[in-house]
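Working notes, beginning with the structure itself.
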Amino acid sequence: MTFLGILARARAMSKAGMAKPSCLVKPVSLTRIPGRYLTHQEGLPKLPVPPLNQTCDRYLAVLEPIIESEELNQTRTLVEEFQRPGGVGERLQQGLERRAHKAENWLSDWWLQMAYLDYRMPVVIHSSPGVVLPRLEFSDRQGQIRYAAKLIAGVLDFKTMIDNETLPVEYLGGRPLCMNQYYRVLSSCRIPGIKSDSVVNYASNKTPPRHITVVHNFQFYVLDVYNSDCTPLTVDQLYVQLEKICNSSLQTNKEPVGILTSNHRNSWGKAYANLIRDKTNKESVRAIQKSIFTVCLDAPMPRASDDMYRTRAAVQMLHGGGSRWNSGNRWFDKTLQFIVGEDGACGLIYEHAPAEGPPIVALIDHVVEYTKKSDIVRTPMAPLPMPQKLCFNISPELKKDIEEAKQNMNIMVQDLDIKVHVFSYFGKNIPKSYKLSPDAFIQVALQLAYYRMYQHCCATYESASLRMFRLGRTDTIRSASVDSATFVRAMDDQSIQNSEKVALLEKAVKAHRAYTDMAIRGQAIDRHLLGLKLQAIEDLSALPDIFMDTSYAVANHYNLSTSQVPAKTDCVMCFGPVVPDGYGVCYNPMEEHINFAISAFNSCADTSATRLAHALEDALLDMKALLEQTPKAKL
C-alpha cells in the first residue's frame, strides 16, 4: 500500500469526536465580549507527544487481535529495533518533541494537509458527512420556503453567539474544550487545486460576509441576510426573499455547474482553473466561497415508504441522488450546506476539512430548537432588493467537464450501499442500568456483529476528540482489542457459562472505555505513529521499516470506520466507508433507541449494509439478553 494510500485510510474520516456538546443554552447577555475566545484558547494545554516506548507497546497490543501470530512476531522484531536506545525511533521522537515545543499544536497542520487537503478522492461519499434530520410536515413549495426561512434565522442566531464570543464553552470530563472549530465552519470554503487543495475563511475579514448562497434548480443566488443596521433579516423577510428566488428559477434545464465540485479533486482542480478564467464565472464562484453558508432548496425525490424514508434521506444528504435529481443542486466544497426538500426531507452536508461532527451537531441542535419557536413578531416590511442571480458562462470545454462529473457522480451513486436503521428496542438506558458505557457497549456489539459475519476481527476506527488541547482534532480509538476479541469468540461458544461470558463482556466494555479515556487525553497511538512517520519524511531520511511493514498497512485498513455523534435532536450522521471492502458506521444513541447509519460499496460482493444492520441488531439484543439472564450482572 502506498504512503498516501495508508494516509487515506488512516484519516478514516475522523468523522466526529467523542465530545458530547454541552447544552447550548443562549447566554443571558448577547453583548459582545471581545477577547473571551482568545483568552480561553490560550488557557488550554498543548497536545502532548506520548512516550515512544508506551506507543510501541500499545501498538503491538492493538495488532494482536487482527494480525496472524507469525506476522506479529516479525513486527515485534521491527518495533524493538525502532525503539532501541539511540536508534531511529528515538531520533524521530526528539524531532517531534522539538516541533511540539515550537508549534501551537504539533499535529493540526499536518493532519489538515494529509487527511483532507492532499486527499484526492471526491469529497462526496469519501469525506463529507451528511446529517439526516427528522422528517418535516410539509410537502409543497410554500412549506419548504417557510422552513428554510426559519432555518436561516436559526443559523444566524447561532452565528451571533460566535460573533459576540458568547458561545458557551463545552466541557468533557470536567475539562474545557477547544472552541476553534466553531470559528471555522461559517464563511469558509474549500478551494480545489491540481495536486492539493486549500481552505479559505472570510469570517475574520475587515468586512465579513453578509450574504448566504441559495441554490434552486441548479441556479445560485446571493441572498443578503442583514439589514443596513446590521440586524439579521426576520423570518418573514427571509420568506419573501426566498419566494423571489424560487419564482425566478423555475426552469429545470440549466447546466448544473455545482456538480463539478463532486468530481475527483485533480479533475475538479483542472476544471476549476478553466472555470474561473472567465471574469463572470470567477465573480460568481467567489460569491459562493465567501457566503456564510449555502441553502439548497431541493426538488422532491422519488417517494419512499415510511420505514425507508431515513435511508432515502441519507442518500439525498450525502450525494443528492444523482444528476437526474439534486446532485447538481450543491456546491460540495462549501463547508456548510443546509438541504431543505420540497417533500419535507431536511438535513445538511458539510465539508470535513475545518471541523468534526460535534460542533456541527451543536449548531443543528440550536437551529432545530429555534425552528420550533412560533413567529413572535410580524414586522411591517420595507421592500428588499431582488437577490442577485449568479451567472456562469459555459464554454464547450466546461460543458464537457460537467458531463464527465455527472457520469462520475452517477457511478458513485450506484455504488453506495447505505442503510439507516433505527434500533428501537433500547437506547443508552440499558447499558447505563448495568453501569456500562453506552458507547463502549455499542462498539463491542459492532465487534460481535462483524465477527459473526466474517469469523475474524478487523481493524476498527472510532474517532476520539482531542479538543481538550489547543487546536485539537481527533485520534483513533482502536475498538478491536484483545478483550473484545476474547468476548466475541466466547459469545456463541456453548461450552462457556453465561456468567463467564458476562465477565468477558464487562471486561471488553471497560477496556474500550479505558482506551477512550487514554485517547482523549492525547495518549493514543495512531496520530503519534503518523507524526513519527511524517517527521521521517520531513527529515528526508529513509522511511523506517516499521512503517513499511505489512502489519502497519493492515492496522490502517479500517474495515470498520465508526463514529458516535450524540445529539439532542433525533438525527443521524452518515458517511461512506474508507476502504473498498469496508463499512462506515455512524450512530446517535438516544435514551430509548439508537439511530444507526451504515454504509458499504455495492462493488464489493463481501459487504452489505443491510446484513450488518441485522447482525448489529441481533448482537445488541443478544448482549442485553445475556446480561438479563445472568444474576451476577444485575448486582
Side-chain angles (χ1 to χ4, degrees), residues 1 6 9-10 12 54-80 436-437 439-464 475-493 496 500-519 523-526 528-529 546 549-564 577-579 581-583 585 606-607 612 615-616 619-620 622-623 626:
M1 192 183 296
I6 291 169
R9 284 134 179 75
Q54 172 185 291
T55 291
C56 288
D57 291 347
R58 287 175 177 172
Y59 174 53
L60 290 171
V62 304
L63 292 178
E64 214 170 301
I66 58 171
I67 302 290
E68 296 294 332
S69 55
E70 197 177 317
E71 216 169 274
L72 190 56
N73 286 334
Q74 291 173 357
T75 302
R76 278 199 182 94
T77 306
L78 296 178
V79 169
E80 279 168 24
L436 297 172
S437 153
D439 178 63
F441 190 85
I442 293 165
Q443 285 287 332
V444 172
L446 261 171
Q447 291 299 310
L448 178 58
Y450 190 92
Y451 184 79
R452 283 172 166 176
M453 285 174 73
Y454 298 102
Q455 277 68 59
H456 64 86
C457 301
C458 70
T460 306
Y461 180 108
E462 183 187 5
S463 47
D475 208 327
T476 309
I477 301 165
R478 290 274 180 174
S479 304
S481 66
V482 171
D483 292 309
S484 71
T486 306
F487 165 69
V488 300
R489 287 175 191 134
M491 181 63 182
D492 297 326
D493 187 335
I496 297 174
E500 190 181 337
K501 289 178 186 177
V502 167
L504 293 173
L505 168 58
E506 288 174 343
K507 195 177 179 189
V509 168
K510 283 170 184 165
H512 186 276
R513 184 66 246 177
Y515 201 113
T516 301
D517 290 342
M518 177 181 86
Q523 298 299 314
I525 64 165
D526 281 273
H528 185 202
L529 287 171
I546 186 177
D549 181 31
T550 311
S551 294
Y552 187 70
V554 172
N556 285 288
H557 187 90
Y558 295 108
N559 291 98
L560 283 174
S561 172
T562 76
S563 187
Q564 174 188 225
V578 298
V579 294
D581 58 342
Y583 294 95
V585 183
D606 294 334
T607 56
L612 182 58
L616 182 54
L620 285 163
D622 290 350
M623 283 162 57
L626 178 68

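Quick note: numbers below take in every heavy atom, side chains included, and nothing from hydrogens, waters or symmetry partners. This one's a predicted model, so the numbers in the text were calculated from it and none came from an experiment.
- Rounded to the nearest 0.5 angstrom, Met518 CE and Ile477 CD1 are separated by 9.5 Å.
- The environment of Gln455 atom CD is dense: over 12 non-hydrogen atoms of other residues, nucleotides or ligands sit within 6.0 angstrom.
- For the atom pair CZ (Arg489) and CG (Leu448), the distance works out to 12.5 Å, reported to the nearest 0.5 Å.
- In this structure, Ile442 CD1 and Ser479 OG are separated by 11.5 Å, a value rounded to the nearest 0.5 Å.
- For the residue pair Ile67 and Leu72, the shortest heavy atom distance occurs at CG2-N, 3.7 Å.
- The shortest distance between side-chain heavy atoms of Leu63 and Glu71 does not fall below 4.5 Å.
- Between the Asn559 side chain and the Asp581 main chain, a donor and an acceptor come within less than 3.5 Å of each other.
- The nearest pair of heavy atoms linking Ile66 to Val554 is O-CG1, 4.2 Å.
- Between Arg478 and Asp526 a salt bridge is recorded (basic side-chain N to carboxylate O distance below 4.0 Å).
- At least one donor-acceptor pair under 3.5 Å links the side chain of Lys501 to the backbone N or O of Asp493.
- With hydrogens and angles disregarded, no donor-acceptor distance shorter than 3.5 Å links the side chain of Ser463 to the backbone of Tyr461.
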Which is it for Phe441 and Leu620 under the side chain to side chain contact (heavy atoms under 4.5 Å, CB included) test, yes or no, and what are the steps along the way? CA-CA 8 Å; Phe441 190 85; Leu620 285 163; 4.0 Å; yes

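- Every residue two or more places apart in sequence or in another chain that forms a side chain to side chain contact (heavy atoms under 4.5 Å, CB included) with Tyr583 is listed here: Tyr450, Met453, Tyr454, Leu560, Val585, Ile598, Ala600, Thr607, Leu612.
- The shortest non-hydrogen separation linking Thr476 to Ala519 is O-CB, 4.3 Å.
- For the atom pair CG (Leu78) and OG1 (Thr550), the distance works out to 9.5 Å, reported to the nearest 0.5 Å.
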inquiry  = As a quick check of understanding, evaluate side chain to side chain donor-acceptor pair (under 3.5 Å) for His528 and Gln54, giving each step before the final call.
reply    = CA-CA 11 Å; His528 185 202; Gln54 172 185 291; over 6 Å; no

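- Scanning both residues, Asp483 and Lys507, for their nearest heavy atoms gives OD1-CE, 3.3 Å.
- Residues Thr460 and Gln447 bring a donor and an acceptor atom of their side chains to less than 3.5 Å of each other.
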(message) Pair Thr562, Gln443 - check side chain to side chain donor-acceptor pair (under 3.5 Å), show working.
(response) CA-CA 9 Å; Thr562 76; Gln443 285 287 332; 2.9 Å; yes

Please assess Asp622 against Arg452 for the test side chain to side chain contact (heavy atoms under 4.5 Å, CB included), listing each intermediate value before the final yes or no. CA-CA 12 Å; Asp622 290 350; Arg452 283 172 166 176; 2.9 Å; yes

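- Heavy-atom minimum distance, Tyr515 versus Ala524: CE2-CB, 4.2 Å.
- In terms of modelled atom types and a separation under 3.5 Å, the side chain of Thr486 and the main chain of Val482 share a donor-acceptor contact.
- The distance from atom CG of Leu504 to atom OG of Ser484, rounded to the nearest 0.5 Å, is 11.0 Å.
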Practice problem: Go through the steps for Leu446 and Glu462 under the test side chain to side chain contact (heavy atoms under 4.5 Å, CB included), then give the verdict. | Solution: CA-CA 11 Å; Leu446 261 171; Glu462 183 187 5; over 6 Å; no

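- Remark: Tyr59 OH to Asp57 CG distance equals 13.0 Å, nearest 0.5 Å.
- Annotation for Cys457 and Ala485: closest pair SG-CB, 3.8 Å, computed over non-hydrogen atoms.
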